[in-house]
Amino acid sequence: MDPAPYIDIYCERTTGAFWAEPINALTNLAFIIAALVVWPAAWRRRERSLLELTVIALVGVIGVGSFLFHTLATPLSAALDVIPIWLFFFLYILLLFVRVADGKTFDIIGYMIATIMGFALVVYLVGLISRGGDAPLNGSLQYAPALIAMAVASVIAVWRDHPVWRYFAGATAIFIMSLTFRSLDQSTCMATAGIGTHFLWHILNATVLGLLLMGAVRELPPKN
């Protein structure tokens, strides 16, 4: 008998068993690999940044949290899946603001307030769109703030001719593909023999986070 209750929102899951989503679960290794690839570049610095190392470590935590959700499929594991993602989102933006604002506290606080307000606005709009029915695009609209932030950062970097634009632009393009596969998971279930496309969200998202991390480490080092 299946354990109850369990969350069933992806194509691959058909029961409440621990390994009901083997592909979705195991592809979370991509996040851990991304963190391990970037970590040495930040660790080798003479002056290490605790914030930078924390953001890198969070990518590995995202993989663990997502693995727990795709195996346990409980409300608690769902929280462990989502919280590290948004914590990464805000801490990565804070890292960028610290590097770009040259550590000026007033500027950093102002940028973060503007970011939180913009995020709240997008969440509110998504809530209005989703009200009274199933979440559109399989719930992928919740990541609209991240996509907008990445696109804006790419435009600003290109405008300033900063070399980090290649990382930001590449991450943005891949994130669009990633969101597409996440959105199509249920609708392509039969065509993919019950596997779905959510596992591609994991692999591509790990690539996105790896690019964002490497861009910050290589092109936006801490100022002495």
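Computed from a predicted model, the values in this text were never measured in an experiment.
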Say you draw a straight line from [atom1] of [X] to [atom2] of [Y]; how long is it, rounded to the nearest 0.5 Å?
| X | Y | atom1 | atom2 | value |
| --- | --- | --- | --- | --- |
| L51 | L95 | CG | CG | 5.0 Å |
| I7 | F69 | CD1 | CZ | 4.5 Å |
| L200 | N24 | CG | CG | 9.5 Å |
| H70 | L72 | NE2 | CG | 11.5 Å |
| W86 | I62 | CH2 | CD1 | 10.5 Å |
| T15 | E21 | OG1 | CD | 9.0 Å |

Shortest non-hydrogen contact from [X] to [Y]?
| X | Y | value |
| --- | --- | --- |
| A42 | R48 | O-CG, 4.2 Å |
| A34 | V59 | CB-CG1, 4.3 Å |
| A20 | R13 | CB-NH1, 3.4 Å |
| G210 | V38 | O-CG2, 3.9 Å |
| S66 | N28 | OG-OD1, 2.7 Å |
| Q186 | I9 | NE2-O, 2.9 Å |

Worksheet item: Can you check side-chain contact (heavy atoms from CB on, under 4.5 Å) on L96 and F168, steps first, answer last?
Response: CA-CA 12 Å; L96 293 185; F168 287 172; 4.0 Å; yes
Are [X] and [Y] joined in one hydrophobic group, where the rule is that I, L, V, M, F, W and Y side chains link up if heavy atoms are under 4.5 Å apart?
| X | Y | value |
| --- | --- | --- |
| L204 | I23 | yes |
| F199 | L184 | no |
| V155 | V208 | no |
| I93 | I83 | no |
| W43 | L220 | yes |

Could you check if a side-chain atom of [X] sits within less than 4.5 angstrom of a side-chain atom of [Y], using non-hydrogen atoms only?
| X | Y | answer |
| --- | --- | --- |
| F67 | T71 | yes |
| F31 | N205 | yes |
| L94 | F90 | no |

Using only atom types and a distance under 3.5 Å, with no angle test, would you say the side chain of [X] pairs donor to acceptor with the backbone of [Y]?
| X | Y | result |
| --- | --- | --- |
| S178 | I174 | no |
| D185 | G196 | no |
| Y10 | H198 | no |
| T74 | S77 | yes |

Worksheet item: Should V55 and F88 be marked as a side-chain contact (heavy atoms from CB on, under 4.5 Å) after you check the CA-CA gap, both sets of side-chain angles, and the distance that decides it?
Response: CA-CA 6 Å; V55 172; F88 171 87; 3.3 Å; yes
Fill in: Verdict with supporting geometry, E52 and R45, salt bridge (Lys or Arg N to Asp or Glu O under 4.0 Å)
CA-CA 11 Å; E52 184 177 73; R45 283 209 183 101; 2.5 Å; yes
Item to complete: Please assess L58 against F89 for the test side-chain contact (heavy atoms from CB on, under 4.5 Å), listing each intermediate value before the final yes or no.
Response: CA-CA 10 Å; L58 266 175; F89 176 70; over 6 Å; no
Item to complete: Answer yes or no: are there more than 12 heavy-atom neighbours, outside R218 itself, under 6.0 Å from its atom CZ?
Response: no
Worksheet item: Is it true that atom CZ of F181 has more than 12 heavy atoms of other residues, nucleotides or ligands lying nearer than 6.0 Å?
Response: no
Discussion item. Angle between ring planes, W201 versus F175, binned at 30° and 60°: parallel, tilted or perpendicular?
Written reply: tilted
Item to complete: Begin with the C-alpha distance, continue with both residues' side-chain angles, and end with the deciding distance and a verdict on side-chain contact (heavy atoms from CB on, under 4.5 Å) for L209 and Y92.
Response: CA-CA 10 Å; L209 299 186; Y92 184 83; over 6 Å; no
